[in-house]
2 protein chains.
Amino acid sequence: MSPYAHPRLTPRRRAVLDVLRASPDHPTASEVYDRVRETAPGIGAATVYRTLGMLVSTGQALELNLGDGVSARYDANVTRHDHLVCERCGRAVDVDLGVPAALVDAVTRTTSFTITGYDLQVRGLCPHCQASPGTGHPDPGHLEKEH
Amino acid sequence: MSPYAHPRLTPRRRAVLDVLRASPDHPTASEVYDRVRETAPGIGAATVYRTLGMLVSTGQALELNLGDGVSARYDANVTRHDHLVCERCGRAVDVDLGVPAALVDAVTRTTSFTITGYDLQVRGLCPHCQASPGTGHPDPGHLEKEH
DNA sequence: TACCAGTTGAGAACGACTCTCATTATCTAC
DNA sequence: GTAGATAATGAGAGTCGTTCTCAACTGGTA
């Protein structure tokens with residue numbers, strides 16, 4: 001009935017999880033796809049998307065919406081943490097600001113929502129983008145893959 | 001050169017802005033489109049998308065990524081505030097938790113990013129969704145337009 | 001009035017993601 | 001081992017949100 005009721009850790013899925021755990025840079029699904037194809041060349045895009053969804057729904061990965069546009073990003077670091085996102089190049093760094101529990105508790109009392117979690121996204125300019133002249137447009141130029 | 005260097009507040013754009021200011025529910029672009037067509041029937045989707053982009057880049061609206069999937073949401077409330085999002089129905093409520101400035105300042109010192117802002121997204125279940133049995137799937141059923 | 005930058009709508013194009021379905025792999029008895 | 005059931009897979013089509021292109025139009029301005 002519900003998907004992933006008995007998920008198997010098949011070689012394909014293992015490969016996706018391995019890529020994610022080796023990627024501290026919050027890759028998009030298509031970046032994961034590209035990287036997985038180096039170790040599992042025949043894997044299809046649908047399998048990568050399905051596996052990422054499975055990993056998220058089983059708590060082995062986080063799906064992030066970092067406001068840098070269209071595509072979701074994935075994070076194998078499932079401990080609670082926040083994100084610092086560069087507004088120009090989109091680079092995201094893990095941080096943990098330790099938001100006081102009292103702040104979150106206050107929301108529970110004033111809204112009658114049941115709170116399940118939170119994510120603090122801090123926006124800014126990374127050192128690279130501070131240094132280079134601003135174009136007003138996204139510029140991930142300094143993020144070339146370092147081989 | 002840069003777009004919106006001399007943006008005019010044309011009747012079309014005025015209509016989009018009016019709709020947004022009359023919508024406290026963080027509509028998606030296509031929801032804005034539907035609502036605008038009631039007052040400006042001939043308006044095209046491209047104009048709505050362009051206008052929303054213009055409003056965001058001129059600081060008259062905020063674009064939100066509330067993690068409820070694919071589409072961006074827009075908010076005419078441009079004062080600093082946070083969002084409380086229902087994980088099941090996607091409803092988003094404005095809140096302001098007043099994150100201590102000291103927390104954000106700490107990031108500046110430890111990361112060498114220049115901080116320009118932040119958004120705290122609190123996740124939970126709204127009262128409606130707590131009451132109805134969970135399906136594990138998004139269920140905006142109780143969000144029918146109230147005429 | 002004529003000019004011209006800015007604006008518009010239609011539709012094509014695009015990218016991210018999901019679905020479908022026939023095939024293949026894996027698990028669980030025997 | 002084998003057989004049968006169930007789950008996983010890849011290719012490709014489909015969907016959806018958004019952006020692009022371009023010819024026509026509009027509204028200030030000289």
Side-chain angles (χ1 to χ4, degrees), chain A residues 1-17 19-20 26-37 39-58 60-61 63-74 90 136-138 140, chain B residues 1-17 19-20 26-37 39-58 60-61 63-74 90 136-138 140:
Chain A
M1 181 114 282
S2 85
Y4 318 128
H6 308 288
R8 298 171 185 163
L9 191 57
T10 64
R12 296 303 198 207
R13 290 175 176 176
R14 171 95 247 162
V16 171
L17 184 54
V19 161
L20 207 56
H26 312 85
T28 65
S30 85
E31 285 165 351
V32 172
Y33 176 59
D34 290 342
R35 295 175 197 177
V36 168
R37 284 167 70 87
T39 56
I43 196 170
T47 300
V48 172
Y49 278 93
R50 273 186 301 234
T51 300
L52 288 171
M54 187 266 289
L55 293 175
V56 169
S57 74
T58 58
Q60 298 173 86
E63 181 176 335
L64 311 176
N65 286 88
L66 296 181
D68 59 332
V70 280
S71 47
R73 292 176 172 275
Y74 294 88
H137 297 90
Chain B
M1 181 116 278
S2 85
Y4 318 129
H6 307 288
R8 297 173 186 160
L9 191 57
T10 64
R12 297 306 200 205
R13 289 175 176 175
R14 171 96 245 163
V16 172
L17 185 54
V19 161
L20 207 56
H26 312 86
T28 64
S30 85
E31 285 165 351
V32 172
Y33 175 58
D34 291 342
R35 295 175 197 178
V36 167
R37 283 167 71 86
T39 56
I43 196 170
T47 300
V48 173
Y49 279 93
R50 272 185 301 233
T51 300
L52 289 170
M54 187 266 290
L55 293 175
V56 168
S57 74
T58 58
Q60 298 174 84
E63 182 176 336
L64 311 175
N65 286 88
L66 296 181
D68 59 330
V70 279
S71 47
R73 293 177 171 273
Y74 294 88
H137 297 92

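When reading the values below, keep in mind they use all heavy atoms of this one structure, side chains included, and skip hydrogens, waters and symmetry mates. Keep in mind the model is a prediction, meaning the values are calculated, not measured.
When each of A:A72 and B:A45 is assigned the nucleotide of DNA chain C bearing its nearest heavy atom, the one mapping closer to the 5' terminus is B:A45. Taking for each of A:T47 and B:S71 the nucleotide of DNA chain D with the nearest heavy atom, the 5'-most of the two is the partner of A:T47. Both A:I43 and B:R73 lie near DNA chain D, and the one whose nearest nucleotide falls closer to the 5' end is A:I43.
Between B:Y49 and D:dT18 there is a side-chain polar atom (N or O) within less than 4.0 angstrom of OP1 or OP2. Remark: A:T10 is in phosphate contact with D:dT9, judged by side-chain N or O atoms under 4.0 Å from OP1 or OP2. Within the 4.0 Å cut-off from OP1 or OP2 of C:dA5, not a single side-chain nitrogen or oxygen of B:R8 is found. Look at B:R13 and you'll find a side-chain N or O under 4.0 angstrom from OP1 or OP2 of C:dT8.
Here the options are A:T47, A:L17, A:V48, the test is side-chain contact (heavy atoms from CB on, under 4.5 Å), and the partner is A:R12; only A:T47 passes. For the pairing with B:V16, the side-chain contact (heavy atoms from CB on, under 4.5 Å) check across B:L55, B:T39, B:T10 returns one residue only, B:L55.
Atom CG in B:N65 sits about 15 Å away from atom P in C:dA16, given to the nearest Å. Atom C1' of nucleotide D:dT9 and atom OH of A:Y33 are separated by 13 Å, given to the nearest angstrom. Here D:dG17 presents its P atom at 16 Å from CG of B:L66, a figure rounded to the nearest Å. Going from atom CZ of A:R14 over to atom P of C:dT26 covers 15 Å, rounded to whole Å. To the nearest angstrom, C1' of D:dT9 lies 14 Å from CZ of A:R37. Residue A:L9 contributes atom CG, which lies 13 Å from atom C1' of C:dT26 at whole-angstrom precision. Going from atom CD of A:E63 over to atom P of C:dC17 covers 8 Å, rounded to whole Å. Atom CG in A:D34 sits about 13 Å away from atom P in C:dC17, given to the nearest Å.
Evaluation of atom-type donor-acceptor distances gives no pair under 3.5 Å for the side chain of B:R50 against the base of C:dG6.
Looking at heavy atoms from C-beta onward, B:H26 lies out of side-chain contact with B:Y74 at the 4.5 angstrom threshold. A heavy-atom distance below 4.5 Å is not found between the side chains of B:T51 and B:I43.
When all heavy atoms are compared, the tightest approach of B:V36 to B:A15 is CG2-O, 4.1 Å.
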